[in-house]
Amino acid sequence: MSELETTDFKTWMNEVQAQMEKTLASVLPSSNHLPERLHDAMRYSVLDGGKRVRPLLAFAAGAVVDASPERLQYAASAVELIHAYSLVHDDMPAMDNDVLRRGKPTVHVAYGEATALLAGDALQTAAFEVLSNRTLADNPVDQLQMIRILANASGSLGMCGGQGVDLYSVGQELTLPQLEMMHILKTGALIRASVLLGSYCGTALAPEQREALDHYAKCIGLAFQVVDDILDCEADSATLGKTAGKDAANHKPTYVALLGMKGAKEKAAELKASALASLTPFGEKAAMLSALAGYIVDRKY
Ligand code: GRG
């Protein structure tokens, strides 16, 4: 990217992140609303933190179909609420048992396990409320499809399923295809949904265009996880805002463990190249999707 393009991307990213902070704050119940502790925990887990990668992807995909920011902010919020719920539950003692997230104590540390469980549950249902509360697509059939996409991406054939495979494979050796399948579900499904949801907020895509966008989304979803594995080895906890080095400490299968650091970096670069190639038919309209591929693969936290 040229210096000007980098500046444009950063400005766009800051604008979307600021908009998302406002929208997420508006869709979450107030901390003054009964039960205050639960609503406070929900707001604590969602607001004031996180890179908002999934909302950024939804907005960038929306640009391809000339979608309005009014629609995109809610489609993006739905995905981010699901993401926040998954992090709250993943951090709990029965799962990853972590104490640090986004540089702050995890929700169960700050509010207790029962509240963390409820906060995650309520965030999940809030996501579907946001997605069904107002007009987000040009027709009801497409909006129903958006709800279906998010449900599939979150459930046992998507993110929850990937988390299940992860939990049940502790202490087992995974092959590369098995590791890949786990991450396609656990991390990739929601990232893919972010792109698809954004693309349903605007004008209709031809089947081959939707296919191209979906290819981008699948590549980026997997690249995100490969980079996550690399950062878990290379970055420190202060930079990541979460506990670094946990994968190796827990003997977890990772791309770095299976491919080596050099191999993992090559894999991330290959996925980025394949993602970028599929954007060609969209020309300038895909500029932010293209920039995001770079941001996701070259990020440092
Ligand atoms: C509990 C149903 C359930 C699912 C959990 C997402 C997930 C599944 C677990 C999180 C574990 C983890 C660290 C996965 C690696 C990829 C990932 C989702 C990282 C966190 O996402 P970022 O980097 O986080 O987008 P921020 O804080 O920036 O939003």
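Sequential numbering from 1 along the given sequence is applied to the chain's residues. Whatever order the structure lists them in is the order used to number ligands and atoms, beginning at 1.
- Contact atoms of ligand 1 toward G50: 26 (P), 27 (O), 28 (O), 29 (O) (distance under 4.0 Å to a heavy atom of the residue).
- Within a 6.0 Å sphere centred on CD of E208, heavy atoms belonging to other residues, nucleotides or ligands number more than 12.
- Close approach of ligand 1 to D90 (heavy-atom distance below 4.0 Å) involves ligand atoms 1 (C), 5 (C), 9 (C), 10 (C), 11 (C).
- Taking any N or O of Q225, backbone or side chain, none lies under 3.5 Å from an N or O belonging to ligand 1.
- In the model, H39 has no side-chain atom that pairs as donor or acceptor with a side-chain atom of S30 under 3.5 Å.
- T125 and E129 share no side-chain donor-acceptor pair at under 3.5 Å.
- Within ligand 1, counting atoms from 1 as listed, the ones closer than 4.0 Å to a heavy atom of H89 are 1 (C).
- At a heavy-atom distance under 4.0 Å, only side-chain atoms of D228, from C-beta outward, approach ligand 1.
- For the atom pair Y255 OH and K267 NZ, the distance stands at 6.0 Å (nearest 0.5 Å).
- With I296 as the fixed residue, the side chain to side chain contact (heavy atoms under 4.5 Å, CB included) test singles out one of L271, L56, L57: L57.
- By the 3.5 Å distance cut-off applied to N or O atoms, Y85 is not counted among the residues near ligand 1.
- In the model, Q172 has no side-chain atom that pairs as donor or acceptor with a side-chain atom of S169 under 3.5 Å.
- Residue K51 touches ligand 1 through backbone and side chain together, judged by heavy-atom distances below 4.0 Å.
- Residue R52 places every heavy atom at 4.0 Å or more from ligand 1.
- Near R102, with a cut-off below 4.0 Å to any heavy atom, the atoms of ligand 1 are 26 (P), 27 (O), 29 (O).
- For the pair R71 and Y200, the cation-pi criterion (under 6.0 Å, within 45° of the ring axis) is not fulfilled.
- Looking at ligand 1, you'll find an N or O of R54 within less than 3.5 Å of one of its N or O atoms.
- Stacking of R299 on the aromatic ring of F224 is recorded, both the 6.0 Å distance cut-off and the 45° axial limit being met.
- Of all the listed residues (G120, C160, S86), S86 holds the heavy atom that lies closest to atom 6 (C) of ligand 1.
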